Number of protein chains: 2
Amino acid sequence: MKPFHSYQNPSLAIDLVVFGYQQRTLSVLLLNRNEMPFKDTWTLPGAFLQMDERFKDTCSRVLKTKLGMDNVYLEQLYSFDEPERDPRGRVIAIAHYALINPKNFAITAGSMANDVQWFDIHQMPELGFDHQEIFTQALQRLRSKILYFPVGFELLDDLFTMPELHELYECILDTTIDRRNFRRKILDAQYIINTGKKREGLQNRHPDLYKFNKKLPKNAFQLNIN
Amino acid sequence: MKPFHSYQNPSLAIDLVVFGYQQRTLSVLLLNRNEMPFKDTWTLPGAFLQMDERFKDTCSRVLKTKLGMDNVYLEQLYSFDEPERDPRGRVIAIAHYALINPKNFAITAGSMANDVQWFDIHQMPELGFDHQEIFTQALQRLRSKILYFPVGFELLDDLFTMPELHELYECILDTTIDRRNFRRKILDAQYIINTGKKREGLQNRHPDLYKFNKKLPKNAFQLNIN
DNA sequence: TAACTTTGTGTCAAATCAACGCAAAGAAGC
DNA sequence: GCTTCTTTGCGTTGATTTGACACAAAGTTA
């Protein structure tokens, strides 16, 4: 085995794919770099891992200091090792993705500098580094994960209606899903609980308000949407 | 952003969960350490990432030089960041898993030093570092992946029979699977192709020989074994 | 040749799924 | 008020898939 201490360790970066959902649109948070390399190019937010940090600490630091977000759902995605991925030298990226609830979405959308911006996932600019590939993998992961684990709720308020949930799934999966079959399956899967309350407001029939089921049974399963 | 060059980067290790299959037994390759820390303790094989290496290069180097294996199926698993996971200092581990075909299994099983050994996954010793957790995750990944992707073939010879494949799945998933339903599903999924040949030998009825379908249709799917 | 093991193929009732109908609740227009 | 329209909740039905078996063909053993 090689000597343990080495001044030749690659740098370790954490890159973040931050997803938000509002107005029937799935969006990603991008950052316009103000320094070389890739100056004036949109990229994923990120930072270098500090010696005493765990991955999620670095994620939280980025989300907090750069974007003013707290209490965010985080998941490790994949590690990227292409030697030429950063022109400055060898940088390994440990990519994560984050799901932002509407409260955080609204705060950041209002107060952000113009070098930080939400982009509809269908209308993204070209990205610097290998961030296009990282983004693509993150979206793929989100799409497959939502089919077997109740992860979408992180993108909604605590209380939500069935049509809202239905639209979220259609939006993430980018398909149409039969409203009535979706309802039956998501209820069978026990992902959500009917609170008994109803959403009052402008709509026609007032829809029931649901919440995420925090202790969902062990035998959770494939949703198999349509 | 922090300064780019830093002498304080964590070390980067690649750890490998090497799976092999023979005699209806799923096994893992372990290494008995001959130096501190964890001297005389069984651990997963691994090495530190060199500056010019991609992850898979490091994997191949370990497999080749320590274990004499070539042409191995490799997949990145997960990255482990617990600051105390290595008593020598901060070491990030990028875990991978490997699937070894019987040819390589036989070679290594015969020629290995006694500090390298295959262990039935049901009869493993205690592992050093956080390798027990890494192993557990690898096994979990293999078990879920085999349900939606034809990955098991990496553990078999190029030609194999239906009963052999059936036993492999039972062994990996650690359940019993109805022989006839398994057959129907694996054929429906178009994972394999009947070569027309038959395995001659000691057995009773000579079973058909199949091969892995290398261009399997895009619409690949959940197997949903029993 | 008979008994037994192993492998390939088929059957069938039960469960699941996709497609769709319909009525209740509320809004909008008259 | 009354009618019409939209939205939401709840069912139904026919087709498909699934799990549990039966059975026959191929080979071995005695």
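Within every chain, numbering begins at 1; the chains are lettered A, B, ... in the order of the sequence lines, protein sequences first and strands thereafter. Hydrogens, waters and symmetry mates are skipped; everything else that's a heavy atom, side chains included, is used. The structure presented is a predicted model; accordingly, all values stated were derived computationally and were not measured.
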Report the distance from atom [atom1] of [X] to atom [atom2] of [N], rounded to the nearest whole Å.
X	N	atom1	atom2	answer
A/Ile186	D/dT8	CD1	P	16 Å
A/Asp188	C/dT16	CG	P	9 Å
B/Ile177	D/dT18	CD1	P	14 Å
B/Phe182	C/dT9	CZ	P	15 Å
B/Phe160	C/dT7	CZ	P	15 Å
B/Lys185	C/dT16	NZ	C1'	12 Å

To the nearest 0.5 Å, what is the distance between [atom1] ([X]) and [atom2] ([Y])?
X	Y	atom1	atom2	value
A/Leu44	A/Leu30	CG	CG	6.5 Å
B/Phe105	B/Met69	CZ	CE	8.5 Å
B/Leu155	B/Ile100	CG	CD1	8.5 Å
A/Phe160	A/Glu167	CZ	CD	13.5 Å
B/Thr58	B/Leu49	OG1	CG	4.0 Å

B/S/- contact track for nucleotides 12-17 of chain D, protein heavy atom under 4.0 Å
------

Going 5' to 3' along nucleotides 21-30 of chain C, which nucleotides have protein heavy atoms under 4.0 Å from the base (write B), which only from the sugar-phosphate (write S), and which from neither (write -)?
B--BBBS---

Using five pairs at each end of the helix from C/dT1-D/dA30 to C/dC30-D/dG1 to define an axis, what is the angle between those two axes, to 10°?
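Terminal axis comparison yields 0°.
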
Has A/Arg183 got a side-chain N or O lying under 4.0 Å from the OP1 or OP2 atom of D/dT8?
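No, because none of the side-chain N or O atoms of A/Arg183 sits under 4.0 Å from OP1 or OP2 of D/dT8.
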
So, are A/Lys103 and A/Asp157 salt-bridged, with charged N and O less than 4.0 Å apart?
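Result for this pair is no, no salt bridge flagged.
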
